[in-house]
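What follows is a single structure, written as structure tokens, with notes after it.
Both ligands and their constituent atoms are indexed starting at 1 by order of listing.
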Amino acid sequence: MSRVTAASVRAGKQAGEKIAMLTAYDHPSARILDEAGVDIVLIGDSCGMVIMGRPDTLSVTMDEMVHHTRCVSSAVEHALVVADMPFLSYQVTAQEALRNAGRLVVKGGAQAVKLEGPADKFGLSIKAILQAGIPVMGHIGLTPQSVNQIGGYKVQGRSPEARNRLKQEAKGLEGIGCFAIVLECIPADLAAEITEMLTIPTIGIGAGSACDGQVLVLHDMLGWGHTKFCKAYADVRGMMGQACEAYVGEVKSGAFPAEEHAFE
Ligand code: KIV
């Protein structure tokens, strides 16, 4: 099986291929995703909330993103590895943005980066990263790094003005050279219009079925996190709870370890 690349993801739109993307933050999970045929593994800055127990993504640092990206990239042989650029790693200057994207590639082993927001705000950063040969995935709609400005994790693009703005933002990101765009938490009909309008693929989360692909947070789809707009494909939380209770019971009763678990 040949390796998924930013170019193959982009070209897949013409062939009508749907993209399956999931987040991963650690090596063993990333290996399972890759073996299952996931096209894109995203080291999302959602790691701040999902595995670090923080209230939002804002405090996630470049060092943390590089660390998790390295854990994931060393496990993946087939999927495209995309790393999120954390808050303030690309918003200050284009030079800093390029250096930080470069760290995710050189130290982390990512093949592309994702950043939140439109080209009219972050175009200089996106251009600098692209010019260095690093593919960029856009992300519009609900952009969690702007949660304090948005006033919560709310559906975006409901008013006619907001719909038009999102369409312009999507066009702008395509125009500047992004290879794909995440559409987060927007009405399904708007996501369908944007998907129809663009030559690059859209990857939806809470954006309906018309997108060219879907992305979910791994822990949510496994039933190990929260499941707001997410279908739970397993009850990993329940399974882990049962396994831990069984272990506690066997340690207390002396049933574990048995002879076969001990060394001579
Ligand atoms: O950080 C993340 O996990 C993301 C996805 C929800 C798209 O950006």
Original post:
Is it true that R99 and E96 make a salt bridge, defined as a side-chain N closer than 4.0 Å to a carboxylate O?
Top reply: no
**OP:** On the 0 to 90° scale, with breaks at 30° and 60°, tag the H261-F256 ring pair as parallel, tilted or perpendicular.
**Re:** tilted
Original post:
Ion pair present between K121 and E169, side-chain N to carboxylate O less than 4.0 angstrom?
Top reply: no
**OP:** Would you mind reporting whether M197 and K167 have side-chain heavy atoms less than 4.5 Å apart?
**Re:** yes
Subject >> Between Y153 and E184: side-chain donor-acceptor atoms closer than 3.5 Å >> reply: no
**OP:** Note the single closest protein heavy atom to atom 6 (C) of ligand 1, along with its residue, its atom name and the distance in Å.
**Re:** I205 CD1, 3.7 Å
Subject >> Protein heavy-atom partner closest to atom 2 (C) of ligand 1 - residue, atom, separation in Å >> reply: S46 OG, 3.3 Å
Original post:
What atoms in ligand 1 come closer than 4.0 Å to a heavy atom of H139?
Top reply: 8 (O)
**OP:** Please could you name the atoms of ligand 1 that K114 approaches to less than 4.0 Å, counting only its heavy atoms?
**Re:** 4 (C), 8 (O)
Original post:
So is D45 polar-close to ligand 1, meaning N/O to N/O under 3.5 Å?
Top reply: yes
Original post:
Which protein heavy atom lies closest to atom 4 (C) of ligand 1, and at what distance to 0.1 Å?
Top reply: L42 CD2, 3.6 Å
Subject >> Heavy-atom donor-acceptor pair, S125 side chain to A97 backbone, under 3.5 Å >> reply: no
Original post:
Which ligand 1 atoms are under 4.0 Å away from a heavy-atom of G44?
Top reply: 1 (O), 2 (C), 3 (O)
**OP:** Report, in ascending order of atom number, the atoms of ligand 1 lying under 4.0 Å from any heavy atom of T23.
**Re:** 3 (O)
